[in-house]
Amino acid sequence: MLVAILSLGAIGAVFGIILGFAGKKFAVAVDPRVEALLQIMPGANCGACGLPGCAAFAEAIVAGSVKPSDCAPGGATLYEQIAAIMGTEVSAYEERKVAQLLCQGGYGRTRMLYRYEGIKDCRAALANFKGPKACDFGCVMQGSCFKVCPFGAIEMGADGLPVIDYYRCTACNKCVVECPQQILKLIGVSHLVTVRCLNTEKGKDAKANCSVACIKCKICEKNCPEDAVHVVAAGEGSVAVIDVEKCTNCGICAAKCPTKSIDMISPLSEEVVLEIGTTPDAGCQACGVCKTE
Amino acid sequence: MQEYVIIIISAVLVNNIVLSQFLGICPFLGVSKKLSASLGMSGAVSFVLIIASFITWVLQTYLLTPLNITYLQTIAFILVIASLVQFVEIVIKKFSPPMYKALGIFLPLITTNCAVLGVAIINIQNEYSLGKVMVHSLSHAAGFTIALLLMSGIRERLEDADIPESMRGTPIALIVAALMSISFLGFSGLT
Amino acid sequence: MRDILKLGLFLLLVAGVAGAGLSYVNSLASPLIAQQILQNKLDSFKEVYPQSDRVVDETATYLTSPYDPVIKEVNVAYRGEELVGVIYAVETKGYSGPIALLAGFDIATARITTIKVLSQRETPGLGAKATENKFYDRYKDKEIALALEVTKTPPLKENQVQAITASTITTKAVTKGVNAAREHFIAHFAAAK
Amino acid sequence: MIPQKDLIVVTSAPHLHSPDNVPTAMRDVLIALTPALLAALYFFRLPALLVILVCVISAYAAEIVCLKIMKRESPTRESSAIITGLLLAFCLPPSLPLWMAVLGTLFAIVVAKHLFGGLGQNIFNPALIGRAFLLASFPVAMTNWTNPLDGLTTASPLGIMKEAGGEVLPPLGEIFLGSVSGSIGETSALALLLGGAYLLYRRQIDWRIPGTFLGTVFLLTAVIGGIKGEGLWYPVYHLCAGGLLLGAFFMATDWVTSPVTKLGRILFGIGCGLLVVLIRTKGGYPEGVAYSILLMNVVTPLLDRYTKARVFGRVKSHA
Amino acid sequence: MNLKNEFTKGIVRENPLFRLLLGMCPALAVTTSVNNGLGMGVAVTGVLLASNIVVSSMRKIIPPGVRIPAFIVIIATFVTITDMLMHAFTPALYTSLGIFIPLIVVNCIILGRAESFASRNTLLPSVIDALGMGIGFTLALVVVSAVREVLGAGTFFGLQLLPENIPALIMILPPGGFIALGCLLGLMNKFQKKTA
Amino acid sequence: MKRATFKGGIHLDGHKELTSNLPTVVAPVPDRVYIPLSQHIGAPCVPLVVAGDEVKKGQKIGMAKAFVSAPIHASVSGKVIGIEVMEHPGGSFVPCIIIENDHQETWAETVQPAADPAALTPEELCAILLEAGIVGQGGATFPTHVKYAPVEGKKIDTVILNGVECEPYLTADHRLMLERAERIVAGLGYMLRSISCTQGVIAIEENKMDAVAVMKKAVAGQPNLRVVVLKDKYPQGSEKQLIYACTGKELPVGELPLSVGVIVNNVGTAAAFADAVELGIPLIERYVTVSGPGICHPANYLVRIGTLFSELIKASGGCCGEVEKIIAGGPMMGNTVFSDELPVVKGTSGIVLLHKEPHRAQKEYPCVRCAKCIDACPAFLEPTSLARLAKRSAWEEAEKSDVMSCIECSSCVYACPAQIPLIQYIRRAKQAILAAKAR
Ligand SMILES: Cc1cc2nc3c(=O)[nH]c(=O)nc-3n(C[C@H](O)[C@H](O)[C@H](O)COP(=O)(O)O)c2cc1C
Ligand SMILES: Cc1cc2nc3c(=O)[nH]c(=O)nc-3n(C[C@H](O)[C@H](O)[C@H](O)COP(=O)(O)O)c2cc1C
Ligand SMILES: Cc1cc2nc3c(=O)[nH]c(=O)nc-3n(C[C@H](O)[C@H](O)[C@H](O)COP(=O)(O)O)c2cc1C
Ligand SMILES: Cc1cc2nc3c(=O)[nH]c(=O)nc-3n(C[C@H](O)[C@H](O)[C@H](O)CO)c2cc1C
Ligand code: SF4
Ligand code: SF4
Ligand code: SF4
Ligand code: SF4
Ligand code: FES
């Protein structure tokens, strides 16, 4: 018995001391806050924050170079947790945004120049005469956005246009950056009325190519009670633009627009809007796989 | 001499530590997604495996057996391994940050890697001399490295494969391991 | 420094308590284990050579160098004071690992009594069939005049043993062990008769 | 005058493509396998026919079901599965219970191929996985050979060579023609050589793999034969006996599971050859072709990675 | 804290083997028969329970610097005790589990629970957690080994189910372990997807 | 004799017999020509005319402002009626000067033969190249004067004239060599003089032995010029492969031919150079092959720049069968266009109308790793790996795998049995890498 106690105790003590000693002697400071943050990060490593991953984000938070809300997938819960660890106040409430498509010119609505064959990549299609559509401003329909969405929020619809599942979208911005036509935009979920066309050609030309284009008729402008929508100069021409600050979501312009290039939708149901900021249920399942690599 | 050759062939090919002994499955599945990571992991495991084999053998031969307390084997060995791993981690972190970057995240995983303790115990069970212990543990380290590298080569290729949703990740890795293990059956009976 | 000592002390304490606990459990368990091992061994001896009332390990006497490394133990069976049989413990290399077995020899009849495989790592369903009584029976009561041979077909000659289907290697390994024991037996005991 | 606009296709160059496509390649392999198929039917008769039919049909059915379930399209109209079924049957003993053949085929198609994503994405040669699976599962049935001449159960030539016990090796001529016991499609060296030559002529396979594979086996066995004092018949015997030719021409060359680089293929062939000789002479089995190819399949991703060709112009700059 | 929840989570939702992918080595190595699988599961559960109890009751006095070594000593103690008891009382099981009994010490489940649960919770939840996790692990092992034993040996708990020549031996060989576990995990995933 | 060639590449069915034996036809001069402001690699031209201006044949109507650019000239005399954006054979939309032809064919005053061609200095020759708007006729339309602008410390020892014409269907260069051999040799002479280089090589594929004979006769008596016969293999005409076949030199990645002391030019470029020097005529017409299964009567034409495709197709008896693709250039490298209402430009070597290929399925299939693409690639790349990397947007890895060394010859796509448009993935990767670099 004694032998056992002594020898095992000795082994224990020796290693305890060595470890204690080594820990002291060779200590390298790691900010415990980084580790704590890593525990709570969504772990999608989606890069929406502009950094190479959640670990980098955690370090950047501690370094103060980013703010909690830069992690779009995180949502309000995460911002609170980060604030708790960092001992700061939650920054001003930010509205949840979703990616929306500013083009309605699917098959059958927009004139096509040719039949495109080749890889499903919008930039590749654009290399041939600015894409198969006669309109140079619209969606090229090859689904580059669909391919980059890390949360599976985009699907390609039957009319060739991407359809965004607003409930799944985390506003990570990836598709917005990817789209070569720059017709995806993050829009706050409380903005219900949107001009879904960026065609700046003359009304006549726009109309010749697409049945749902903004034709610069200014009917919206004339009818808006809040003076919130205007046909403004853009590119080499002009297009209708809504001032979100002034817009009251009355929907008159959408109703009056002769081509229906303005529409009114509520992307998320009211209950969800009320819970603004909660992480969408799909996407990151916090499986932690990303953390091990 | 021949005995050594047999030990080597047996440990590396016939009774490959991962594919037929089922030791060290966790890192084999967990850290085989990228070739670079698996290089790091196999480096770390090999390092700890060989040193631990040496220390545990010394411990057994000069302490546990003479004092007739071999029943303390498990606890003594695991203490050695755990401390060794932690010690190595601390030291590398201090003296070679690049190496720590490469190996660091794998080191803590090794404590609970049964390959290390398993080989240490097998060494004793087989009543190997120190020379054989070293050859044996080296061969197992090599066997582990080979299995891990092959696995990660395959998994890198699978990155582009159209694997059914529910089989992605660990399930397909296990299937790959199964098929690798079937292939390694070809070595069985090798003398 | 105090911290370090504290850590060491704490581990010493925990490890010491663990050591104490373990040695206590060990003191309870080890006789049980020892007895269990012994009982096992005796049971095996009984199976291989039932007609004895005392088996003595006389390895040291009979296994003087140089000897066949296959043979691990020489256990001599006595009935009363009479030396009636020998139980060899042998170990050979099978298909996927060592095979340890007992082989019993009867002095009076100059035959193998039977064998018993103690441990093996052969393939379940194949080589592992070597642990079945059916297989032991293939060695039962074989004469020791000629060395045993393995065949794949039902034996035609007295000194032939039929291999387990698709496990010739295992059978050969077992037979090799038995043959080694046989030689030793002939050299040391058959003369004694 | 110009056809209607929406008929015009705009796409990237090139606008011409080789008439060679995946279905034609698969057809070529099937054509190349025909001599061996005829030889198998001639020597082993009904049992072989049954095993072949069962394997091919179940492979085809499994392929279709898998494609349906996983919502995949196949460019080969399932003929790659027929090849898998046929090749698997070719490396089974004619006496194998049919249900085992079905099981092996299912394992090959479902586990070794479709779990990995289907055609082109599998790591392991499906037919060989099927065989290895069966060998490990039913070793008794899988090592039960009948001699086609007398219908008696005998060891295969390589088995006799390995065991060196009693039975006499059949003469080289029989081995070449195929009237010996062995797997269904492996016995006739002549038929396999014909098929291999056809594939080489059609450029469906690269000479490097069969060339280095057979060359390595020949060299090594010649050396071993020399040491044993056996003479030239020994390496030739090793080339013609067992599944070596079948493996070297039809299985090691499987596009999907062999390296894509030229150097990689050479190393692949050499590796296969080394392993075959190792297993045949030192291993637990009389035959090692299947395992050697499978083991090299495992190494293929690494071979591809480390044997990339030097890109044209990656030379020392003159500037 | 909902005790029932703590208990059930280990069985399905956070099943250590199927969901957390912990303890893969024993799950592959000893599952050649249900007997072994069950024995291993019970042994692990025992060690888990004992170590959770001790860790939880000592959690206030263990200095953080040697937390891991201390846990390991505690676990190793119980493993050694288990080892001795099995050797003495279940010799057959002891031989067939072999080296995997001492290796329970490095089973990530046990250290993992000690670290992430017992060292942060009081005694009762820790006991419940250990039981849940242990039973979950045991069940998983039984499932894997049942698949392997039935398909590979044609028996269940040693009872002959299939005729002699039917079972595919490979299932009780090393590849069979990987195949069984891989397919089970795949099925779990598919099932999970449907219900989610 | 074993023909010189390069490693890799593919054997194509040339279909050249459709047009190779027919003498070139002078195409009807259209009533209107459409002259794009950009017909070359580099900066577009600045127009020198406005709607309503009268222009003469050969008059400069667009000016090159940048160094890598080339002026454009009126190909007919008449009146400018406007500048409009039009479809361009290169796959884009480009502003074009539209000239109403008065059919007077009055030459501009600037079109003057050089007084004494033999006395021109290298600088003067280079100036003529620029003024005449000569760009590469081999397809890349690289402004030729840039190639001949002296570079400090670089010595050119060989000028290779590219008469390979490895594209199927096209025979314009072939006919040019048969019909205007002495112009080509004269042009080569000026090229050599303008950089004081001695060696001239005319490279021709073995499938044009008649052209070889004619060219050999044309260079007879000039020991510094030789005709090299090359193996019939695609893409033998590609610059790097051609240099390797003719000189054994491997052009290092990312470097220009001049780093190995070579300039490569198309035979048409040389002929145009001779015309510019000796007659003062700028580049206003070129040889164009109109061929393919979709053309009723394939032929070669001498065409004014700015002529619409539709006029040439009409001249060839119109389309036959169900045309699926209209290609500007050859079927391996050329661009598909979506209508025939677009002009011939300086780089238009051919117009090919194709039917649907019967053995092509609609879909791209997974790669079966047959490595046929790898064996075909003359740049020794792994197209399948590059495509795979591009598919998952691994641009950096693609760059490390030398994707930028792809010469876009499309051999890999031709060879691929799985019908993968590898080249599109590769271009996509190149595009992304360049975009990242630009940022
Ligand atoms: C998975 C597997 C396990 C095997 N296990 C054994 C074994 O335990 N014992 C044995 O002697 N042979 C074993 N073999 C080898 C073959 O069954 C046998 O050696 C070989 O086919 C020779 O056949 P024979 O025994 O009929 O001569 C095994 C083979 C396989 C595929
Ligand atoms: C900026 C630039 C400078 C060049 N300078 C030269 C040159 O000095 N000499 C030359 O022979 N080619 C020069 N080239 C032309 C290229 O080498 C090549 O001939 C041209 O891109 C067309 O080649 P291709 O038809 O093989 O694509 C230059 C190209 C570029 C883009
Ligand atoms: C794949 C490929 C094929 C080519 N084939 C030809 C050809 O057949 N004839 C030719 O003149 N140029 C061909 N070129 C263009 C040459 O590389 C080179 O640019 C040209 O000969 C330079 O002459 P230029 O500037 O006068 O056009 C090819 C280029 C590539 C990339
Ligand atoms: C030359 C060639 C050889 C082939 N060899 C095999 C083979 O050995 N086994 C097999 O299952 N399929 C073979 N196939 C068919 C096909 O490639 C194979 O099923 C794929 O591995 C499935 O993805 C072969 C195909 C070709 C073109
Ligand atoms: S749709 Fe997808 S990619 Fe786009 S912002 Fe939303 S989550 Fe990101
Ligand atoms: S929205 Fe943009 S990225 Fe998406 S399909 Fe349309 S053009 Fe492509
Ligand atoms: S990769 Fe580029 S260079 Fe190589 S064959 Fe394809 S297109 Fe040609
Ligand atoms: S040619 Fe096509 S199928 Fe063959 S390897 Fe290349 S990409 Fe794959
Ligand atoms: S490494 Fe063996 S259980 Fe984790």
Side-chain angles (χ1 to χ4, degrees), chain D residues 1-26 72-77 80 117-122 203-206 253-262 264-265 300 304-305 308-319, chain F residues 10 12 168 240 250-255 259-260 310 313-314 318-319 322-327 331-340 352 354 357 359-361 363 365-372 374 378-382 384 401-402 405 410 413-419 421 423-424 427:
Chain D
M1 177 203 59
I2 265 285
Q4 217 210 321
K5 267 200 178 140
D6 52 11
L7 277 180
I8 293 295
V9 169
V10 168
T11 177
S12 225
H15 309 294
L16 291 182
H17 299 85
S18 148
D20 231 1
N21 50 31
V22 181
T24 55
M26 297 300 164
R72 289 195 180 116
E73 285 173 66
S74 163
T76 62
R77 289 190 211 90
S80 75
L119 181 69
Q121 324 212 37
N122 46 316
R203 293 179 177 275
Q204 297 298 5
I205 62 176
D206 184 2
T253 52
D254 178 15
W255 291 343
V256 179
T257 53
S258 60
V260 294
T261 64
K262 295 192 174 89
R265 288 178 188 161
T300 294
D304 272 342
R305 196 183 158 109
K308 286 204 189 329
R310 175 186 64 81
V311 168
F312 188 83
R314 277 270 166 237
V315 284
K316 229 177 62 228
S317 167
H318 298 256
Chain F
I10 51 180
L12 290 173
K240 292 181 182 183
E250 202 170 318
L251 189 57
V253 168
E255 285 187 28
S259 71
V260 291
S310 54
I313 295 172
K314 196 160 66 190
C319 307
E322 205 168 283
V323 173
E324 193 195 46
K325 287 175 182 170
I326 304 173
I327 300 160
M332 292 303 288
M333 304 266 299
N335 273 311
T336 36
V337 294
F338 63 83
S339 79
D340 56 356
V352 178
L354 291 184
E357 284 180 84
H359 55 268
R360 293 280 291 171
K363 273 211 54 138
Y365 288 109
C367 167
V368 288
R369 290 172 44 85
C370 64
K372 292 192 177 180
I374 300 175
F380 311 160
L381 299 169
E382 281 182 15
T384 172
S401 309
D402 266 318
S405 296
S410 297
V413 188
Y414 179 86
C416 176
Q419 313 189 341
I423 180 73
Q424 269 194 303
R427 277 201 205 112

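Excluded from the calculations below are hydrogen atoms, water molecules and symmetry mates; all remaining heavy atoms, backbone and side chain alike, are included. So that the names make sense, note that chain A is the first sequence line, chain B the second, and so on, each numbered from 1.
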*Go through the structure and list residues passing salt bridge (Lys or Arg N to Asp or Glu O under 4.0 Å) with D/Arg305, not counting sequence neighbours.*
B/Glu156

*Is a salt bridge present between D/Asp20 and D/Arg203, judged by a nitrogen-to-oxygen distance below 4.0 Å?*
no

*Would you confirm whether F/Glu357, through its side chain, and D/His17, through its main-chain N or O, come within 3.5 Å as a donor-acceptor pair?*
yes

*Measure across F/Pro168 and F/Met332 and return the closest heavy-atom pair with its distance rounded to 0.1 Å.*
CD-CG, 3.8 Å

*Taking F/Leu381, F/Val413, F/Asp402 one by one, which has the highest count of heavy-atom pairs under 4.5 Å against chain D?*
F/Asp402

*asked:* Is D/Thr24 close to chain F through its backbone or its side chain, or both, or neither, when contacts mean heavy atoms under 4.5 Å?
replied: neither

*asked:* Looking only at heavy atoms and a cut-off of under 4.5 Å, which of F/Thr384, F/Asn335, F/Ile10, F/Thr336 has the most pairs with chain D?
replied: F/Thr336

_salt bridge (Lys or Arg N to Asp or Glu O under 4.0 Å) partner of F/Arg369, the single match among D/Asp206, D/Asp304, D/Asp254_ = D/Asp304

*Given that the side chain runs from C-beta out, which part of D/Arg72 has a heavy atom under 4.5 Å from chain F: side chain, backbone, both or neither?*
neither

*asked:* Out of F/Ser401, F/Ser405, F/Pro421, F/Gly334, return the one with the most heavy atom pairs under 4.5 angstrom to chain D.
replied: F/Gly334

*asked:* As an exercise: rank D/Gly118, D/Ala309, D/Gly120, D/Gly313 by heavy-atom pairs under 4.5 Å with chain F and give me the winner.
replied: D/Gly313

*Which one, F/Glu382, F/Met333, F/Gln424, leads in non-hydrogen pairs under 4.5 Å with chain D?*
F/Glu382

*If you count heavy-atom pairs under 4.5 Å with chain D, which of F/Cys367, F/Gly254, F/Ser410, F/Ala371 comes out on top?*
F/Ser410

_Please give me the minimum heavy-atom distance between D/Ser258 and D/Thr300, naming the atom from each residue._
C-CG2, 3.6 Å

*Which of D/Gln121, D/Lys308, D/Gln204 touches chain F most, by non-hydrogen pairs under 4.5 Å*: D/Lys308

*Pick from F/Val337, F/Leu12, F/Ile327: which one has the most heavy-atom pairs with chain D under 4.5 Å?*
F/Ile327

*Shortest non-hydrogen contact from D/Pro259 to D/Gly264?*
CG-O, 3.5 Å

*How would you list, by chain and number, every residue that makes a ring pair (Phe, Tyr, Trp, His ring centres under 6.0 Å) with D/Phe312, sequence neighbours excluded?*
F/Tyr244, F/Phe380

_Less than 4.5 Å to any heavy atom of chain F: does that hold for the side chain of D/Lys262, its backbone, both, or neither?_
side chain

